**Student:** 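This is the structure I want to talk about, given as structure tokens.
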Amino acid sequence: MNILTPGMDLKGKWVLVRTDFDVPVVDGRIQANHRIIRQKEVLDMLVSAGARVVLVAHISAVDSFKSILVTLEETLGHALTLLPTLADREAFQKNGQGVGLLENVRTWRGETENSEDLAKALAQGMDAYVQNAFAVCHRAHASVDAVAKLLPPYAGPLVVAETNALTEALDAPAAGKVVIIGGAKASTKVPVISHVLSRAEAVLVGGVVANDLAKARGIDVGTSLVDDNIGELLAGLDVHDERIILSPDFIITDGRALDIGPQSVALFKEHITRARMIVWNGPLGLFEDERYAEGTFAIARAVADSPARTIIGGGDTVAAIDRLGIRDRFSFVSTGGGAMLAFLAGQKLPGLEAIGYYEHV
Ligand code: ADP
Ligand code: MG
């Protein structure tokens, strides 16, 4: 795999960069900007190397980058020219200045189908491709996968940092490693539990995933939220493995477990304070409602206070730590949700495969 480095001479070369500006937007305002901030390094690097840059990215919250363009420019410190179509890019390549940004690629025909035609169109007139959007690397989309195979590919600094941190998380010795899994999408979380179980001292489980595991252990979960296909989901996982620590008590409303209880917080904290490596993904309860936020916030503070290496991620998990304003108190905060989980589950990510990541590891 080729890695983009600051000293590279890219004078006059056209570089297509897959970036990540997929941020939550409410009433035209960006709610959390950490993904944007993490794209500044690659831009600075390429611009000072003399490259001509075209960015390609997607956003789910709104249709167009138009409403957040000024914020993007201010956060990145570069003027951006929004390019609604590939014809606009052609014109931009002839007489444009600064950095180009292709309009929301998720709305383009062929993007989610990994279309060869779209990939060819994206690659047209470009000299190199940089993958710097770790959070989409688990998706075989045209701007992530197919296009990377048509140009000389490079890993950008964020992809390098993310894969290094998550590899460190997986490879750290089992003794002293504590993995905390919460949240809702069991189909994405159970494979992580299966993969890390033999590589960790303890896997602490809260949230809806804990309901699933408790039910599988024959514990009455009342009317709590559970995934419907848990039998299938849990196949291959020994749910009785002693390293899986389920929350022993809950905050319950109308028979539904909506947060972990004080005994669970105390038990989880015991593991957290002894750990040398902590990996955390997923809130431990319905933290958006303050009545059910205490479990998640207590665990967030305990992880932040721990002297261990702390590697955390997940869109809602990061939203929870941002509510406490403690983002800078973790060793590494991943920009990935699904991509982080796929990586921690030991799966090969198409976007990493396309840039040759697995050829040298
Ligand atoms: P992340 O984005 O960090 O990966 P998920 O998307 O998997 O996390 O799940 C987060 C969601 O799970 C949150 O909206 C939270 O309210 C919800 N959640 C967690 N625990 C429970 C619970 N016990 N009951 C209902 N919802 C829960
Ligand atoms: Mg989420």
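Both ligands and their constituent atoms are indexed starting at 1 by order of listing. In this text the structure is predicted, and so the values were computed from the model without any measurement.
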**Student:** Counting heavy atoms not belonging to Gln124, are there more than 12 under 6.0 Å from its CD?
**Tutor:** no
**Student:** Which residue and atom name correspond to the protein heavy atom nearest atom 14 (O) of ligand 1, and how close is it?
**Tutor:**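 The closest heavy atom on the protein side is Glu288 OE2, 2.5 Å.
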**Student:** Relative to the heavy atoms of Pro283, which atoms of ligand 1 are at a distance of less than 4.0 Å?
**Tutor:**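 Matching atoms, with element in brackets: 3 (O), 8 (O), 10 (C), 19 (C).
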**Student:** Out of Asp316, Leu286, Asp289, whose heavy atom sits nearest atom 10 (C) of ligand 1?
**Tutor:**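 Answer by nearest heavy atom: Asp316.
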**Student:** What is the minimum heavy-atom distance between Met340 and Gly314, and which atoms define it?
**Tutor:** SD-N, 4.2 Å
**Student:** For Leu341 and ligand 1, does the shortest N/O to N/O distance drop below 3.5 Å?
**Tutor:** no
**Student:** With heavy-atom distances below 4.0 Å as the criterion, list the atoms of ligand 1 near Lys185.
**Tutor:**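 By the 4.0 Å cutoff, the relevant atoms are 6 (O), 7 (O).
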**Student:** Quick test of your reading of the model: are Glu168 and Arg309 salt-bridged, counting only N-O distances below 4.0 Å?
**Tutor:** yes
**Student:** With Val192 as reference, evaluate Val190, Val196, Thr188 under the side-chain contact (heavy atoms from CB on, under 4.5 Å) test and give the passing residue.
**Tutor:** Val196
**Student:** How close does the nearest protein non-hydrogen atom get to atom 12 (O) of ligand 1, and which residue and atom is it?
**Tutor:** Ala184 CB, 3.6 Å
**Student:** Nearest heavy atom to atom 23 (N) of ligand 1 wins, so pick from Gly285, Gly336, Ala257.
**Tutor:**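 Ranked by closest heavy atom to atom 23 (N) of ligand 1, first place is Ala257.
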**Student:** Could you see if Ile230 belongs to whatever hydrophobic cluster contains Ile193? Use Ile, Leu, Val, Met, Phe, Trp, Tyr and a side-chain cutoff under 4.5 Å.
**Tutor:**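 The answer is yes; both residues are in one hydrophobic cluster.
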**Student:** Judged by non-hydrogen atoms, does Lys189 sit under 4.0 Å from ligand 1?
**Tutor:** yes
**Student:** Can you spot which of Thr19, Thr335, Asp20 makes a side chain to side chain donor-acceptor pair (under 3.5 Å) with Arg35?
**Tutor:** Asp20
**Student:** Under a 4.0 Å N-O cut-off, is there an ion pair linking Arg301 with Asp305?
**Tutor:**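 No, no charged N to carboxylate O under 4.0 Å.
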**Student:** Applying side chain to side chain donor-acceptor pair (under 3.5 Å) between Ser143 and each of His58, Gln131, Glu111, report the one that passes.
**Tutor:** Glu111
**Student:** Between ligand 1 and Gly337, can you find any atom pair, the residue atom being a heavy atom, that is separated by under 4.0 Å?
**Tutor:**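 False for this residue.
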**Student:** Please could you name the atoms of ligand 1 that Asn281 approaches to less than 4.0 Å, counting only its heavy atoms?
**Tutor:** 4 (O)
**Student:** Going by the angle between their ring planes, with limits at 30° and 60°, are Trp280 and Phe330 parallel, tilted or perpendicular?
**Tutor:** tilted
**Student:** Please tell me whether Leu341 and Met277 are part of a single hydrophobic cluster in this structure, the criterion being side-chain heavy atoms less than 4.5 Å apart.
**Tutor:**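 Yes; tracing contacts between hydrophobic side chains, which count when under 4.5 Å, links both residues.
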**Student:** Against heavy atoms of Leu258, which atoms of ligand 1 measure under 4.0 Å?
**Tutor:**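 Contacts of ligand 1 toward Leu258, numbered from 1: 23 (N), 24 (N).
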**Student:** Considering only heavy atoms, does Arg256 approach ligand 1 within less than 4.0 Å through its side chain, its backbone, both, or neither?
**Tutor:**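 For Arg256, no heavy atom sits under 4.0 Å from ligand 1.
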**Student:** Name of the Asp316 N, O or S atom nearest the Mg ion (ligand 2)?
**Tutor:**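 Within Asp316, restricted to N, O or S, the Mg ion (ligand 2) is closest to atom OD2.
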**Student:** Which residue and atom name correspond to the protein heavy atom nearest atom 3 (O) of ligand 1, and how close is it?
**Tutor:** Thr317 OG1, 2.6 Å
**Student:** List every atom of ligand 1 that sits less than 4.0 Å from any heavy atom of Gly315, numbering the atoms from 1 in the order shown and giving each element.
**Tutor:**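 Listed by number with element, the hits are 1 (P), 2 (O), 3 (O).
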**Student:** Return the residue, atom name and 0.1 Å-rounded distance of the protein heavy atom closest to atom 27 (C) of ligand 1.
**Tutor:**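 The closest heavy atom on the protein side is Val208 CG2, 3.7 Å.
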